[in-house]
Number of protein chains: 2
Amino acid sequence: MYRIGELAKLTGVSNDTLRYYEKNKLIAPAGRTDAGYRMYEDEAVRQIRFIQRAKGVGFTLSDINELLSIQLEKTEHSCHEVKTFTEAKLADVQQKLAELNRIKLALEKLNEACCGGPESAEHCSILQALETGDLADTRL
Amino acid sequence: MYRIGELAKLTGVSNDTLRYYEKNKLIAPAGRTDAGYRMYEDEAVRQIRFIQRAKGVGFTLSDINELLSIQLEKTEHSCHEVKTFTEAKLADVQQKLAELNRIKLALEKLNEACCGGPESAEHCSILQALETGDLADTRL
DNA sequence: ATAAACCCTGGAGTCTACTCCAAGGTCAAC
DNA sequence: GTTGACCTTGGAGTAGACTCCAGGGTTTAT
């Protein structure tokens, strides 16, 4: 059994964040002392680890809430359901990657065209591009 | 001269967003009518276009604030300064790309290991991986 | 007993980029 | 004149994931 500060140390998640997770139904203490202190069991540690791993692969807390409810009642859910969930997240990530790649290319192009020297910014090709939109390949 | 609604239509940026930009010192009306209506000139249109392009290459409004102040007093700034700014943004984007690629790989690995069929989630390798952290190559 | 560490709650704040609401004044077309 | 579109302001809300504050109770070690 752990008090909240002990659990925070054990998991690297702050007291406040633990309370936040509880408020959002991600974790729950096993019970309370007479003084109202939260008492957590090892199950909470495992739950937090699950949350940390899921966050690590890009799931939002809202996503994780769904995964946790699936995990809680595995017999009521299928592999198909979980995989669909994960595939949607993957698609999301791929979309973000595409957007960031576009941005990267545009920034690279801007940088290549700029001398980067001590000359006055009056002649700066980056500023000019932003002013005029004259960067055909970047869809500005 | 445009009123705010006209400028909104012209640029595709909402009235509220224009006021928000004004509040954040990104744009300013040329003046006000006696009734207090904002009146904008073509310079505001150009400024908003600049903002839109800069946003399009990943700059935050805070970044854009800096770029705009450079643009305003080009003679006080160098190409070097602008390029440094853009290079920092590029590094930022590259970092995000690296992180998203890591996440993508992890999600792909999770998905590959899962049959995705109608079987009970009791045996779901995705859930198991999140529970146990048993995904060596993904640094969960 | 004392002091410090720890805990509780409710509420508010941070960050970023908007978006909405309420109340009331102004402008343009009929 | 009337009506509807338009504008103003101040303030609050959204999304998501925290983080901080104030006031007060509890536990632990000295």
Side-chain angles (χ1 to χ4, degrees), chain A residues 1-40 44 47-48 50-68 88-89 92-93 95-96 99-100 103, chain B residues 1-40 44 47-48 50-68 89 92-93 96 99-100 103:
Chain A
M1 294 288 268
Y2 312 103
R3 291 193 310 191
I4 195 165
E6 289 164 329
L7 187 61
K9 275 210 187 65
L10 202 56
T11 58
V13 177
S14 74
N15 297 17
D16 276 332
T17 302
L18 291 174
R19 289 193 200 98
Y20 178 74
Y21 286 173
E22 180 187 346
K23 185 178 171 187
N24 287 277
K25 304 288 178 5
L26 291 165
I27 62 172
R32 299 277 185 130
T33 65
D34 288 346
Y37 285 23
R38 295 167 175 78
M39 295 306 292
Y40 297 94
Q47 206 102 321
I48 291 160
F50 183 101
I51 291 166
Q52 286 171 322
R53 288 182 197 111
K55 280 176 64 188
V57 294
F59 289 112
T60 62
L61 293 187
S62 178
D63 293 332
I64 292 165
N65 233 326
E66 280 200 50
L67 285 172
L68 283 172
K89 177 59 53 181
D92 195 33
V93 168
Q95 200 174 27
K96 282 177 189 154
E99 177 64 7
L100 275 178
I103 290 175
Chain B
M1 294 288 265
Y2 312 102
R3 291 190 310 190
I4 193 164
E6 289 163 330
L7 188 62
K9 275 211 185 66
L10 201 56
T11 59
V13 178
S14 74
N15 299 17
D16 277 333
T17 301
L18 292 174
R19 288 192 201 98
Y20 177 76
Y21 285 174
E22 181 186 346
K23 185 179 171 187
N24 287 278
K25 305 288 180 353
L26 291 166
I27 61 170
R32 300 274 187 134
T33 64
D34 288 345
Y37 285 22
R38 294 167 175 81
M39 294 307 291
Y40 298 96
Q47 206 103 317
I48 291 160
F50 184 100
I51 292 166
Q52 288 170 322
R53 287 181 198 110
K55 280 175 62 188
V57 293
F59 288 113
T60 63
L61 293 186
S62 177
D63 293 333
I64 294 165
N65 233 328
E66 279 200 50
L67 285 172
L68 283 171
K89 177 57 56 179
D92 195 36
V93 168
K96 282 177 190 155
E99 177 65 7
L100 277 177
I103 290 174

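These numbers come from a predicted model, not from an experiment. These values consider heavy atoms only, across backbone and side chains, with no hydrogens, waters or symmetry-generated copies.
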For this session: Could you tell me the separation between the OH atom of B:Y40 and the CD1 atom of B:I27, rounded to the nearest 0.5 Å?
Result: 4.5 Å
Exercise. Under the salt bridge (charged side-chain N to carboxylate O under 4.0 Å, His left out) test, which residues partner A:E66, sequence neighbours left out?
Worked result: none
For this session: Go through the side-chain N and O atoms of A:D63 and A:T60 and say whether any donor and acceptor fall under 3.5 Å apart.
Result: yes
Exercise. Would you say D:dC7 has OP1 or OP2 under 4.0 Å from some side-chain N or O of B:R38?
Worked result: no
For this session: Whole angstrom is fine here: how far is it from CD1 in B:I48 over to C1' in C:dA17?
Result: 15 Å
For this session: Nearest 0.5 Å please: distance from the CG atom of B:L10 over to the CD1 atom of B:I48.
Result: 8.0 Å
Problem set entry | Atom of B:N24, atom of B:N65 and distance for their closest heavy-atom approach | O-ND2, 3.0 Å
For this session: Give a yes/no on whether any side-chain N or O of A:K55 is located under 4.0 angstrom from OP1 or OP2 of D:dG16.
Result: no
For this session: Take the protein atom CD1 of B:I64 and the nucleotide atom C1' of C:dC18, then report the distance between them rounded to whole Å.
Result: 13 Å
For this session: Tell me which of A:F59 and B:G36 sits closer to the 5' end of DNA chain D, going by the nucleotide each one is nearest to.
Result: B:G36
For this session: Using atom NZ of B:K96 as one end and atom C1' of C:dT16 as the other, report the distance to the nearest whole Å.
Result: 11 Å
Exercise. Shortest non-hydrogen contact from A:I64 to A:A54?
Worked result: CG1-CB, 3.6 Å
Problem set entry | Exercise: identify the closest heavy-atom pair between A:A44 and A:L7 | CB-CD2, 4.4 Å
Exercise. Between B:A8 and B:S14, what is the shortest heavy-atom contact and its length?
Worked result: CB-C, 4.2 Å
For this session: Rounded off to whole Å, could you give me the CG-to-C1' distance for the A:L26 and D:dA17 pair?
Result: 11 Å
For this session: Starting from P on D:dT26, measure out to CZ on A:R32 and report it in whole angstrom.
Result: 14 Å
For this session: Produce a footprint string for nucleotides 22-30 of chain C: one letter per nucleotide, 5' end first; B if the base is under 4.0 Å from any protein heavy atom, S if only the sugar-phosphate is, - if neither.
Result: ---BBS---
Seminar exercise, completed: So, with a heavy-atom separation below 4.0 Å from DNA chain C, the residues of residues 8-24 of chain A are A:N15, A:R19
For this session: Starting at atom CD1 of B:I27, determine the distance to atom C1' of C:dC18, rounded to an integer number of angstrom.
Result: 14 Å
Exercise. Rounded to the nearest 0.5 Å, how far does CE of B:M39 lie from CD1 of B:I4?
Worked result: 11.0 Å
For this session: Grab the OH-P distance between A:Y2 and C:dC6 for me, whole Å please.
Result: 17 Å
Problem set entry | Gap between atoms OH and C1', on A:Y40 and C:dC6 respectively (whole Å) | 14 Å
